[in-house]
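See below for the structure under consideration.
Source: prediction; values computed, not measured.
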Amino acid sequence: MDICDQLKDSIQNDCNPSQTNAFYQEIIDEFTHLKGLNNPTSAATWRERAEADPHDDRYDCGREDLLCGHITDDDLANRQFLVEGKIHLQTIVKDRIRWLSRALVKTNAELEVLRKTRT
């Protein structure tokens, strides 16, 4: 049983069958839709299309240069989870995810160069 099936079963088990809960039904429908997709998720469509970064060099910096860069990734994730609906926190998290995505691509490219030089 994959994660989509597990989440779907969990949601259905938590729902009272005598009540119609549109929110849970939307989640179940979304998981069903996602399960049908076989393509891996792209970190950035613009990158795969060889287009320029739409944010130019905004995220070409160190973590400490980001808004609230002194907050660890784990702490930021916890704050986002615990404090729902705060737009400033959502903006900080969005920026962190964008930065992490670019940092991962950069690190993977550097690793690939190192691998090639060792062989």
Side-chain angles (χ1 to χ4, degrees):
M1 180 179 283
D2 70 9
I3 190 67
C4 291
D5 287 332
Q6 291 173 8
L7 289 169
K8 182 179 173 182
D9 288 347
S10 173
I11 291 167
Q12 287 174 330
N13 292 336
D14 290 341
C15 293
N16 183 340
S18 65
Q19 298 176 342
T20 302
N21 192 320
F23 174 74
Y24 283 131
Q25 189 57 50
E26 285 180 30
I27 294 172
I28 291 168
D29 292 346
E30 184 62 22
F31 282 126
T32 303
H33 167 73
L34 291 175
K35 187 176 178 184
L37 300 176
N38 292 326
N39 298 330
T41 303
S42 168
T45 313
W46 57 265
R47 187 180 301 118
E48 288 191 357
R49 294 179 182 164
E51 297 172 356
D53 186 334
H55 303 284
D56 200 27
D57 63 353
R58 161 75 182 90
Y59 299 104
D60 189 20
C61 61
R63 182 188 318 257
E64 66 279 357
D65 297 322
L66 298 171
L67 185 61
C68 293
H70 63 284
I71 299 175
T72 67
D73 298 337
D74 285 343
D75 190 32
L76 189 57
N78 288 337
R79 290 178 192 207
Q80 175 62 27
F81 178 74
L82 295 172
V83 183
E84 190 174 323
K86 299 290 184 182
I87 190 68
H88 69 280
L89 187 56
Q90 292 173 355
T91 301
I92 294 166
V93 170
K94 172 200 66 168
D95 276 355
R96 183 69 60 91
I97 291 169
R98 287 179 175 165
W99 182 86
L100 286 167
S101 174
R102 287 157 178 81
L104 180 61
V105 168
K106 181 180 177 183
T107 301
N108 282 339
E110 291 169 354
L111 182 60
E112 189 60 31
V113 167
L114 287 174
R115 284 183 181 142
K116 288 180 179 179
T117 59
R118 295 182 96 193
T119 56

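Within the 3.5 Å criterion, the main-chain N or O of Ile97 finds no donor-acceptor partner in the side chain of Ser101. Arg96 contributes a side-chain N or O that, together with a main-chain N or O of Cys68, makes up a donor-acceptor pair within less than 3.5 Å. Between the side chain of Arg118 and the main chain of Leu114, no donor-acceptor pair closer than 3.5 Å is present. Between the side chain of Asp56 and the backbone N or O of Arg58 there is no donor-acceptor pair closer than 3.5 Å.
More than 12 heavy atoms of other shown residues, nucleotides or ligands fall within 6.0 angstrom of atom NZ in Lys94.
Here the closest non-hydrogen pair linking Leu76 and Ile71 is N-CG2, 3.7 Å. Here the closest heavy-atom approach between residue Tyr59 and residue Trp99 is recorded as O-CD1, 3.3 Å.
For the salt bridge (Lys or Arg N to Asp or Glu O under 4.0 Å) with Arg102, the qualifying choice from Asp53, Asp95, Asp60 is Asp53, the only one to do so.
Going from atom CG of Leu104 over to atom CG of Leu100 covers 8.5 Å, rounded to the nearest 0.5 Å. Distance check, rounded to the nearest 0.5 Å: CD of Gln80 to CG of Leu82 gives 9.5 Å.
Identified under the side chain to side chain donor-acceptor pair (under 3.5 Å) test for residues 104-116, with sequence neighbours left out: none. The stretch residues 62-71 participates, sequence neighbours left out, in these side chain to side chain donor-acceptor pair (under 3.5 Å) pairs: Arg63-Asp73.
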